[in-house]
Amino acid sequence: MWTAPAVGEPPRNNRERGFYMQVAVIGAGVMGPGIAQVWMMGGHQAVLVDVDEGALKKGGEVIRESLSMMREMGIVAKEPDQYMTLYTGTTSLSQAVEGASLVIEAVPEMPDIKQSIYRELDRLCPEGTVIVSNTSSLPLPDMFPEFRPDRFFVCHFFNPPAVVPLVELVKTERTAPEAVEWLKDELARCGKKPIVVNGFVMGFLVNRLQMAMMREALHLVQRGVVRPDDVDTAALAAIGFKTAWQGMFDTMDYIGLDTVAMAGSIIFPDLSNETKLPEIITEKVRRGHLGVKSGRGFFNYADGRAAEVMQRRQTLLLEQWKLFKKHMP
Ligand SMILES: NC(=O)c1ccc[n+]([C@@H]2O[C@H](COP(=O)([O-])OP(=O)(O)OC[C@H]3O[C@@H](n4cnc5c(N)ncnc54)[C@H](O)[C@@H]3O)[C@@H](O)[C@H]2O)c1
């Protein structure tokens with residue numbers, strides 16, 4: 001019989017129930033199914049919940065397809081059917097969270113929708129349950145300070161969540177450290193690479209780093225110094241090529257800190273510190289050229305190219321993941 005952990009006690013796992021623990025994932029959109037898959041691959045029971053039955057059905061199919069592809073590429077040890085025994089889809093929030101040690105909210109980035117779910121969760125979940133949000137931008141524990149102050153924080157996965165190893169855990173001053181440590185350990189056991197961000201900063205860590213590079217890229221293209229395809233060649237053939245295996249601080253140590261300091265003192269003053277978006281992107285958004293999803297962005301994805309690039313991306317990410325797992329277990 002599952003019993004709720006006492007207040008202040010980290011959630012318990014439930015091997016005697018035939019699986020390690022139950023994880024409820026709320027929202028079967030772009031992120032939810034992949035997040036559920038992470039836990040299934042780690043041997044946990046995942047319950048995916050959505051108000052939309054169509055999304056739920058598609059979510060289950062997405063998980064199965066992803067597992068099939070991983071099986072074909074030799075990434076996972078078992079057949080999709082074996083993992084799918086650890087999966088349940090439901091439209092009932094109360095059914096999903098009954099017995100769950102961990103609840104992950106992944107509904108649209110709209111505070112009102114999220115808040116209504118937290119109200120329900122407050123009623124349904126025992127006090128020891130760890131409840132996290134996959135938000136990419138909202139300081140939710142500060143926005144809803146009455147809601148489970150010590151057990152509610154941010155757990156930010158990256159798309160596609162079943163593949164990208166990093167997970168950012170963002171805690172506040174009030175978050176119970178043992179809840180964060182517990183989740184960090186559980187994610188690591190599922191093969192993830194969690195990091196902790198101490199306090200809310202806009203964009204957390206990864207999106208800040210990425211936006212800093214994107215701002216510079218947009219700035220240089222806007223100035224006419226380089227073309228978008230050349231920026232991408234540089235990202236793939238130099239920055240990404242090395243950064244896959246060499247972190248930023250690692251790289252600075254390799255270069256030599258005196259050289260980094262010298263180059264930084266020359267280049268920093270010339271970098272973009274523009275706070276407004278350049279015209280080359282706002283103009284595209286105005287015209288509806290939104291990228292892969294609309295068939296045109298900085299590049300052209302018409303005539304079936306969108307499906308082709310998505311498939312290629314998925315395969316290459318899985319190949320990269322195989323290498324990552326081999327060299328950074
Ligand atoms: N899309 C990304 O690449 C990405 C990456 C990292 C984080 N995030 C964050 O993850 C969260 C989810 O994003 P997404 O892109 O998966 O959203 P999405 O819009 O694709 O999916 C959200 C799902 O939530 C469902 N939903 C809405 N109200 C609900 C309710 N009351 N109960 C249950 N389900 C409900 C919707 O039917 C939908 O299927 C957001 O906070 C977003 O900022 C997204």
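Order of listing sets the numbers, starting from 1, for every ligand and every atom in it. In what follows, every heavy atom counts, from backbone to side chain, and hydrogens, waters and symmetry copies are set aside.
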Do Glu274 and Arg215 meet the salt-bridge criterion of a basic N to acidic O distance under 4.0 Å?
no

Closest to atom 20 (O) of ligand 1 by heavy-atom distance, out of Ile35, Ile26, Val30, is Val30

Short N-O contact, Arg151 and Glu127, less than 4.0 angstrom
no

Report the nearest protein non-hydrogen atom to atom 21 (O) of ligand 1: residue, atom name, distance rounded to 0.1 Å.
Gly29 CA, 3.1 Å

dist Ser66:OG -> Met40:CE (nearest 0.5 Å) comes out at 9.5 Å

Which residue supplies the protein heavy atom nearest to atom 43 (O) of ligand 1, what is that atom called, and how far is it?
Ser136 OG, 2.6 Å

Partner of Phe153 by side-chain contact (heavy atoms from CB on, under 4.5 Å), out of Val196, Val170, Val130
Val130

Centroid-centroid under 6.0 Å between Phe144 and Phe152 rings
no

Taking only non-hydrogen atoms of Asn159 and a 4.0 Å limit, the atoms of ligand 1 in range are 3 (O)

If you scan protein heavy atoms around atom 31 (N) of ligand 1, the nearest is Ile117 CD1, 3.6 Å

State whether Asp229 and Arg227 are salt-bridged, where the test is any N-O pair (Lys NZ or Arg NE/NH1/NH2 against Asp/Glu carboxylate O) under 4.0 Å.
yes

re atom 9 (C) of ligand 1, the protein heavy-atom contact at minimum distance is Asn134 O, 3.2 Å

If you measure from each non-hydrogen atom of Phe157 to ligand 1, which part falls under 4.0 Å: side chain, backbone, both or neither?
backbone

With a heavy-atom distance limit of 4.0 Å, tell me whether Ile113 approaches ligand 1 through its side chain, its backbone, both, or neither.
side chain

protein heavy-atom neighbour closest to atom 23 (C) of ligand 1 works out as Asp50 OD2, 3.6 Å

Please say yes or no: joined through hydrophobic side-chain contacts below 4.5 Å, possibly via intermediate residues, are Leu318 and Met41 part of one cluster?
yes

Of the backbone atoms (N, CA, C, O) and the side-chain heavy atoms from C-beta on, which set of Val51 has a member under 4.0 Å from an atom of ligand 1: side chain, backbone, both, or neither?
both

Which atoms of ligand 1 have any heavy atom of Lys114 under 4.0 Å away?
40 (C), 41 (O)

Salt bridge check, Arg189 against Glu186: does any charged N sit closer than 4.0 Å to a carboxylate O?
yes

Quick one: look up the protein heavy atom nearest atom 41 (O) of ligand 1 and list residue, atom name and how far away it is.
Glu109 OE1, 2.5 Å

Among protein heavy atoms, which sits nearest to atom 16 (O) of ligand 1, and what does the distance come to when rounded to 0.1 Å?
Met31 N, 2.9 Å

What's the shortest heavy-atom distance between His44 and Val23, and which atoms?
CB-CG2, 4.4 Å

Can you sort out which atoms of ligand 1 are near His156, meaning under 4.0 Å from one of its heavy atoms?
6 (C), 7 (C)

Between Asp52 and ligand 1, does any nitrogen or oxygen pair lie at a separation below 3.5 Å?
no

Option of least heavy-atom distance to atom 35 (C) of ligand 1 (set: Val49, Thr91, Val107):
Val107

Run the side chain to side chain donor-acceptor pair (under 3.5 Å) check on Tyr118 and Glu105 step by step: do they pass?
CA-CA 9 Å; Tyr118 303 150; Glu105 170 273 300; 2.6 Å; yes

Mind checking whether Glu105 has a heavy atom under 4.0 Å from ligand 1?
no

Element-labelled atoms of ligand 1 that are located less than 4.0 Å from some non-hydrogen atom of Ala55
39 (O)

Which atom pair, heavy atoms only, marks the closest approach of Ala162 to Met70?
O-CE, 3.9 Å

Does the distance from a Lys or Arg side-chain N to an Asp or Glu carboxylate O, for Glu53 and Lys57, drop under 4.0 Å?
no

Heavy-atom proximity to atom 27 (C) of ligand 1, best of Cys155, Pro160, Pro108:
Pro108

Lys/Arg-Asp/Glu bridge criterion (N-O < 4.0 Å) met for Glu61, Lys58
no

Residue portion contacting ligand 1 (non-hydrogen atoms closer than 4.0 Å) for Leu138:
neither

Taking heavy atoms and a distance under 4.0 Å, where does Ala28 meet ligand 1: side chain, backbone, both or neither?
backbone

